[in-house]
Participant: 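If you scroll down you'll find the structure; I have some questions about it.
Note that these values count all heavy atoms, side chains included, but never hydrogens, waters or copies made by symmetry.
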Amino acid sequence: MSSFRFPIATPREVRSSLREVLQDQRRPLVLAALVLSAASAAGLITPTALGRVVDLVDRSGTLTELWPLVLLMAVGTVVAAILLAYGTVLTVRVVETALARLRERLVDRLLRLPASVVEDAGAGDAISRATDDVAEVSTAINEVLPTVASAAFMIAATFVGLGALDWRFALALLLIFPIQVFAVRSYLARAPEIYARERAAMADRAEVVLSSLRGLATVRALRLEPQQRARTALHSWSVVTWSMRERIINNIFWGRLNLAEFIGMSALLCVGFWLVREGQGTVGMTTAAVLLFHRLFGPIGQLLLVVDVWQSASASLRRISGVLQVPAQTGDLSQTREPSRSREPSRSPDPSRSPDPSQTRDAWQTSAAAPVRRPDGHLALRNVSFSFEAAMRPTIEDVTLQIEPGRTLAVVGVSGAGKSTLAGVVAGLRAPHGGQVLLDGQDLSGLDPELRSQVIGLITQETHVFAGTLRDNLTLAQEDAEDDRIWEALDRVGAGDWVRDLPEGLDQIVGLAGIELTPLQGQHLALARIDLLDPVVALLDEATAEAGSAGAAILDAASDAVIRGRTALVIAHRLDQAARADAVALVSEGRIVEHGSHEQLLANGGAYAQLWRAWSLGRPDQEQ
């Protein structure tokens, strides 16, 4: 197992991520804060007017004096409600825009990372960050921004209002601050680590559940259900444990805040009683002071609550931003796809012709203007090595190969020899630890992943069929493909007949939401995608292995049609595929031990010839 894990971002990196997603939202954000602050100010009208009503009743005032106060309270309530609603709408607009950008950046970065990085870090962790953590941040931001904007002004305005009634009311209120400061400091000393550990435990739980589901057939075959249930229970209990610790510190936190509220209310009543007794205040003034303080319960509690919410969200935000810190290749994505080239028979190139890197470098890559030309397709590997762990023996070691444009190289070898790893390195799924992969003399390690996926197409034995129509599944490779072009690709790979037999044709729903395609049909779909993508280099990693012996010949013909005229690297699980290739490379323990044409290797009588004799035994049509 790889030791790589997605990092946890530092506070500085989190602030940088937030600035990026909010960079053009400052004016709407300021407007929302002003509107919410005005709503808070309007909300102070009612308790102040109500205090005057109490004094009016105490001195037996008239209805003429009462109605203006009632009207003032009604107007204040309506204005506060309207401003609060408008400010909330503005805030939600800003928040949802920023959150959408954050989510898009996260998904974009995950898609740009090599598949090996995501696999090594754990799909469960990636999914947890893209779902649970994003949801946590979404909830928090929607609560935090309007709360801070309205509550902060409410608290400031209330202190001013209490001081205007009598400065001793404001002084009495200062008693609660030491308790609240102590409560917040104690909470912040423990909460961040607990929330971070809870998020990590949730990611571990997701990883266990996903691994069980993805390997369901193996789990059932080996009767591993008890072990998997035990692992799931163990990680689930870890989540419960950290959640309980979170709840305990929350209860302690809120208990201290309630104590502060009790002391503050008691102090105000004592001051009010003294002022009334001494003739320096009225019952109405005390009532207004108590109501104003009571209104503070909500804003102060909300402000302190966002500390709790923000701690949980900040842990999630650090995990999301951590993914954004993982370096991903970037480049100019303004390239437009060239029209599909016409299919021409494979021509034998001049063996003496080899591209000069100094002449071809950057000749076809995207520039600030437009792409210069399509690559010729000369693929070369120079001393390429790769290991899954630094301490392990390299999976592939010092591999040097060259494939001329339009030619096909078949890579053969026993299971575990490193064939699929080699294909993954060429496709860019894994970065080589040594050596270079060159296309027309240009090192592909610095190539933008999107451009690389357009010039190098990979098909493996595992083909994913997305839930949706067949047309949707095919146009993933070329979004603007017309139906005529889609049918051309399907007919080329031999899939046109069975697609036409479907009730809805290209509009047929497939995948989880529709009919289930057979392995043969799934591979037909993958091969048609490659034809639509029209890459310069085609990589087939045992692409016909899942079709079974009945469909092997059909898929072999389809594969040959797709790679015709392209540079192709074929990971062959059957040696008849190697026999049809222009050249064959035999891999053993990560190294190329034999290389040449099928006929040459048979004539040499080496390891490949022994493999061929063993494989063709009992196949009279293959024996030579």
Participant: Is any side-chain heavy atom of Val209 closer than 4.5 Å to one of Thr232?
Facilitator: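 Yes. Closest side-chain heavy atoms under 4.5 Å.
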
Participant: Classify the ring geometry of Tyr608 against His598: parallel below 30°, tilted from 30° to 60°, perpendicular beyond 60°.
Facilitator: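 Judged by the thresholds at 30° and 60°, the geometry between Tyr608 and His598 is perpendicular.
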
Participant: Identify the residue among Ile396, Leu422, Val399 that makes a side chain to side chain contact (heavy atoms under 4.5 Å, CB included) with Phe386.
Facilitator: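 Only one option passes, and that is Ile396.
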
Participant: Evaluate the side-chain proximity of Ile571 to Thr460: yes if any heavy-atom separation is below 4.5 Å, no if none is.
Facilitator: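 No, every pair of side-chain atoms sits at 4.5 Å or beyond.
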
Participant: Listed by chain and number, what are the salt bridge (charged side-chain N to carboxylate O under 4.0 Å, His left out) partners of Arg591, not counting sequence neighbours?
Facilitator: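 Salt bridge (charged side-chain N to carboxylate O under 4.0 Å, His left out) list for Arg591, sorted by chain: Glu397.
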
Participant: Give the C-alpha distance, both sets of side-chain angles, the deciding distance and a yes or no for side-chain contact (heavy atoms from CB on, under 4.5 Å) between Leu611 and Leu586.
Facilitator: CA-CA 10 Å; Leu611 281 177; Leu586 176 62; 3.6 Å; yes

Participant: What heavy-atom pair brings Ile563 and Leu540 nearest, and what distance separates the two atoms?
Facilitator: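 For Ile563 and Leu540, the tightest heavy-atom pair comes out as CG2-CD1, 3.9 Å.
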
Participant: Looking at Arg109 and Leu324, would you say the former's side chain and the latter's main chain have a donor-acceptor pair under 3.5 Å?
Facilitator: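 Indeed, once roles are kept as given, a pair shorter than 3.5 Å links the two residues.
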
Participant: Using only atom types and a distance under 3.5 Å, with no angle test, would you say the side chain of Lys419 pairs donor to acceptor with the backbone of Val414?
Facilitator: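 Yes.
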
Participant: Please name the pair of heavy atoms, one in Arg452 and one in Val425, separated by the smallest distance, quoted to 0.1 Å.
Facilitator: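 Here Arg452 and Val425 meet closest at NH2-O, 3.2 Å.
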
Participant: Side chain of Asp133, backbone of Ile320: donor and acceptor closer than 3.5 Å?
Facilitator: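 No: the side chain of Asp133 does not pair with the backbone of Ile320.
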
Participant: Can you tell me how far CG of Leu532 sits from CG of Asp480, rounded to the nearest 0.5 angstrom?
Facilitator: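 These two atoms lie 10.0 Å from each other.
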
Participant: Tell me, do His378 and Thr567 make a side-chain contact under 4.5 Å, heavy atoms counted?
Facilitator: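 The answer is no; the side chains never approach within 4.5 Å.
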
Participant: Would Ile530 and Val493 satisfy side-chain contact (heavy atoms from CB on, under 4.5 Å), going step by step from the backbone distance to the final call?
Facilitator: CA-CA 10 Å; Ile530 289 294; Val493 301; over 6 Å; no

Participant: What are the two closest heavy atoms between Val384 and Pro432, and how far apart are they?
Facilitator: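 Minimum heavy-atom separation between Val384 and Pro432: CG1-CB, 3.9 Å.
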
Participant: Going by the ring pair (Phe, Tyr, Trp, His ring centres under 6.0 Å) test, which pairs reach into residues 437-483, not counting sequence neighbours?
Facilitator: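 For residues 437-483: His464-Phe466.
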
Participant: What do the steps show when you test Val536 against Gln454 for side-chain contact (heavy atoms from CB on, under 4.5 Å), and what is the final call?
Facilitator: CA-CA 8 Å; Val536 178; Gln454 292 174 4; over 6 Å; no

Participant: How far does NE2 of His524 sit from CG of Leu555, to the nearest 0.5 angstrom?
Facilitator: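 If we round to the nearest 0.5 Å, His524:NE2 and Leu555:CG are 5.5 Å apart.
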
Participant: For Arg580, does the CZ atom have more than 12 heavy-atom neighbours from other residues, nucleotides or ligands under 6.0 Å away?
Facilitator: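 More than 12 heavy atoms, drawn from other residues, nucleotides or ligands, come within 6.0 Å of this atom.
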
Participant: Name all pairs fulfilling the salt bridge (charged side-chain N to carboxylate O under 4.0 Å, His left out) condition that reach into residues 493-507, sequence neighbours left out, sorted by first residue then second.
Facilitator: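 Qualifying pairs, neighbours excluded: Arg471-Asp507, Asp491-Arg500.
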
Participant: Would Asp531 and Arg485 satisfy side-chain contact (heavy atoms from CB on, under 4.5 Å), going step by step from the backbone distance to the final call?
Facilitator: CA-CA 10 Å; Asp531 189 82; Arg485 177 68 184 92; 3.0 Å; yes

Participant: State, to 0.1 Å, how close Ala538 and Arg566 come at their nearest heavy-atom pair, and which atoms those are.
Facilitator: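 Looking at all heavy atoms of both residues, the shortest contact is CB-CD, 4.2 Å.
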
Participant: Shortest non-hydrogen contact from Val412 to Ala578?
Facilitator: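 So the minimum-distance heavy-atom pair works out to CG1-CB, 3.8 Å.
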
Participant: To the nearest 0.5 Å, tell me how far Ile8 CD1 sits from Gln325 CD.
Facilitator: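 Between Ile8 CD1 and Gln325 CD, I get 11.0 Å after rounding to 0.5 Å.
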
Participant: Can a donor-acceptor pair be found, under 3.5 Å and without considering hydrogens, that links the side chain of Ser385 to the backbone of Gly434?
Facilitator: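 Answer holds: no.
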
Participant: Between Asp443 and Leu438 (side chain of the first, backbone of the second, donor and acceptor by atom type, cut-off under 3.5 Å), is there such a pair?
Facilitator: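 No, because the side chain of Asp443 does not come within donor-acceptor range (under 3.5 Å) of the backbone of Leu438.
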
Participant: Hey, could you give me the CG/CG distance between Leu533 and Leu474, rounded to the nearest 0.5 Å?
Facilitator: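 These two atoms lie 12.0 Å from each other.
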
Participant: Give me the atom names and distance for the closest heavy-atom approach of Gly406 to Asp582.
Facilitator: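 Shortest heavy-atom separation between Gly406 and Asp582 comes out as O-OD2, 4.4 Å.
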
Participant: Nearest 0.5 angstrom please: Arg382 CZ to Leu401 CG, how far?
Facilitator: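 Reported value, rounded in 0.5 Å steps: 12.5 Å.
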
Participant: Rounded to the nearest 0.5 Å, what's the gap from CG on Leu517 to CD on Gln523? Could you check?
Facilitator: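 That separation rounds to 11.0 Å.
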
